[in-house]
Amino acid sequence: MATGRISARIEQLNESATLAIDATAKSMLARGVDLISFAAGEPDFETPDFIVDAALEAARDPRNHHYTAAAGLPELRELIAERTGVLSGLAVEPSQVIVTNGGKHAVYSAMMTLLDEGDEVLIPAPYWVTYPEVVRLAGGVPVAVPTDLSTAFKVTPELLERYCTPRTKMLIHVSPSNPTGAVYSEVETAAIAEFADRKGLYVVSDEIYQQLTYGMECAPAIGSVASKELSQRLILVNGVAKTFAMTGWRVGWVVAPSDIAKGVVKLQSQLCSNVANISQRASIAALAADSEATRYMRDAFARRRQSIITLLAAIDGVEVMWPQGAFYAFPSVEAILHKEFEGAAIGSSYRLAELLLEHAKVAVIPGEAFDAPGYLRLSYALSDEGIVDGVGRIADFVTRL
């Protein structure tokens, strides 16, 4: 029972480490510090003009000045349903789509709608920092399933089996992954689907990075290999943030079986009414556009990936995997942690991140934030020059140890 002014559920909630470090980096930059930040989990591009123009036009339309349906604008839900069929391999009706305030809200809504007290959720680690927190908020129990560089940061049915108990209700499936950039192949995805089907688990598939891949147009989707039975326990979450450089517009969505979708709508009707209509109209323009409209972003990320991985791999003590999706490098720095700084062993990736911020003026996210000590996450959503400068500063710091 809480004894202070703050409820127990909020007291036990961890602040988002990625947002906190990114905020620190932005504050330092605002003060004029010569800082290179690899912390941001968002594209560094401006939202394309045609999307902004659609929002400006929508702002002048009185229809958008009032409440609309809690589940979202019908036109947007129709586009999302169509997109889900094409990219996620799942035939759904617009009534199964709920527009949310960003992808994070979509994950929260899914957990709140599905989990009861004590339900266990399998979460492959390293994981996005929000997953375990929203599971706890919903009364569930997050169960980390550890992976590492040797397994390409991917789980297998055999590994999941070891962490599955009679209380396991759900598996979170993420491909491409934040923070590792790992992408499951079609064969691996089918194996995960078969495991979840056999165990009778619900699956929440986070597909926010599904089009930010290298060497393929789209990451293999679990919906395309799900059995009829599993498709009735499959919930997809997605949004416009990463693909269209629209993180600040706050538009995501949940796609779920009809009964679950109705539960999400019920929650949303009490939680926040509808998502901002202007942002929804902008998202309609984004989803209706030809995929070539944002290819320049994917091409830039592919070029930056080549640069950052090559530079990181050249640093003594760093081991790094080539990410197949998203825009993150996730190098192991275990060999560096045994080195000393001012007479004391560095000891942890958290401490190394502190030292890099203070002495190299480089912001990175320590692996501890993702339940992966010994690693760092570096976003390559920054300029080519910034990547070369920033990794160069890291290399210089490590060389002086």
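Heavy-atom basis, side chains included; hydrogens, waters and symmetry copies ignored.
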Which heavy atom of Ser258 sits nearest a heavy atom of Gln96, and at what distance?
OG-CG, 3.9 Å

Should we say atom CD of Glu15 is surrounded by more than 12 heavy atoms from elsewhere, each under 6.0 Å from it?
no

Please check if atom CD in Glu57 has more than 12 non-hydrogen atoms from other residues, nucleotides or ligands closer than 6.0 Å.
no

Tyr214, OH: over 12 other non-hydrogen atoms inside 6.0 angstrom
yes

Which label fits Phe341 and His359: parallel for a plane angle under 30°, tilted from 30 to 60°, or perpendicular past 60°?
tilted

Name every donor-acceptor pair, under 3.5 Å, that has one atom in a side chain of residues 309-334 and the other anywhere in the protein, sequence neighbours excluded.
unit_1, atom_1, unit_2, atom_2, d
Thr310, OG1, Gln306, O, 2.7
Gln324, NE2, Trp322, O, 3.3
Tyr328, OH, Tyr209, OH, 2.6

Looking only at non-hydrogen atoms, find the nearest pair between Arg304 and Asp384 and report the distance.
NE-OD1, 3.9 Å

Looking only at atom types and distance, does a side-chain atom of Asn277 sit under 3.5 Å from a main-chain N or O of His66, one as donor and one as acceptor?
yes

Could you go through residues 79-93 and list every donor-acceptor pair under 3.5 Å that involves a side-chain atom there, pairing it with any protein atom two or more places apart or in another chain?
unit_1, atom_1, unit_2, atom_2, d
Arg83, NH2, Gln211, OE1, 2.5
Thr84, OG1, Ile80, O, 2.8
Ser88, OG, Glu207, OE1, 2.6

Is the count of non-hydrogen atoms from other residues, nucleotides or ligands lying under 6.0 Å from Arg198 atom CZ greater than 12?
yes

Neighbour count >12 (heavy atoms, 6.0 Å) for atom NZ, Lys262:
no

Assign the ring pair Tyr131 / Trp128 to parallel, tilted or perpendicular, where the plane angle (0 to 90°) is split at 30° and 60°.
perpendicular

Do Lys26 and Glu42 meet the salt-bridge criterion of a basic N to acidic O distance under 4.0 Å?
yes

Answer whether the closest heavy-atom distance between the side chains of Val187 and Pro220 falls below 4.5 Å.
no

Locate the shortest heavy-atom distance separating Pro257 from Ile235; write the atom from each residue and the value.
CD-CG1, 4.4 Å

Donor-acceptor contact below 3.5 Å, side chain Ser279 vs main chain Trp249
yes

Less than 6.0 angstrom from the centroid, inside 45 degrees of the normal: does Arg377 satisfy that with respect to the ring of Phe370?
no

Quick one: do Arg233 and Glu229 make a salt bridge, cutoff under 4.0 Å?
no

Which atom of Glu75 lies closest to which atom of Ile284, heavy atoms considered:
CB-CD1, 3.8 Å

Scanning both residues in full, the closest heavy-atom pair of Leu35 with Val362 reads CD1-N, 3.7 Å

Can Ser307 and Arg303 be counted as having a side-chain donor-acceptor contact under 3.5 angstrom?
no

Kindly check if the number of other-residue, nucleotide or ligand heavy atoms within 6.0 Å of CD (Glu186) is above 12?
no

Under 4.0 Å between a Lys/Arg side-chain N and an Asp/Glu carboxylate O for Arg400 and Asp396?
no

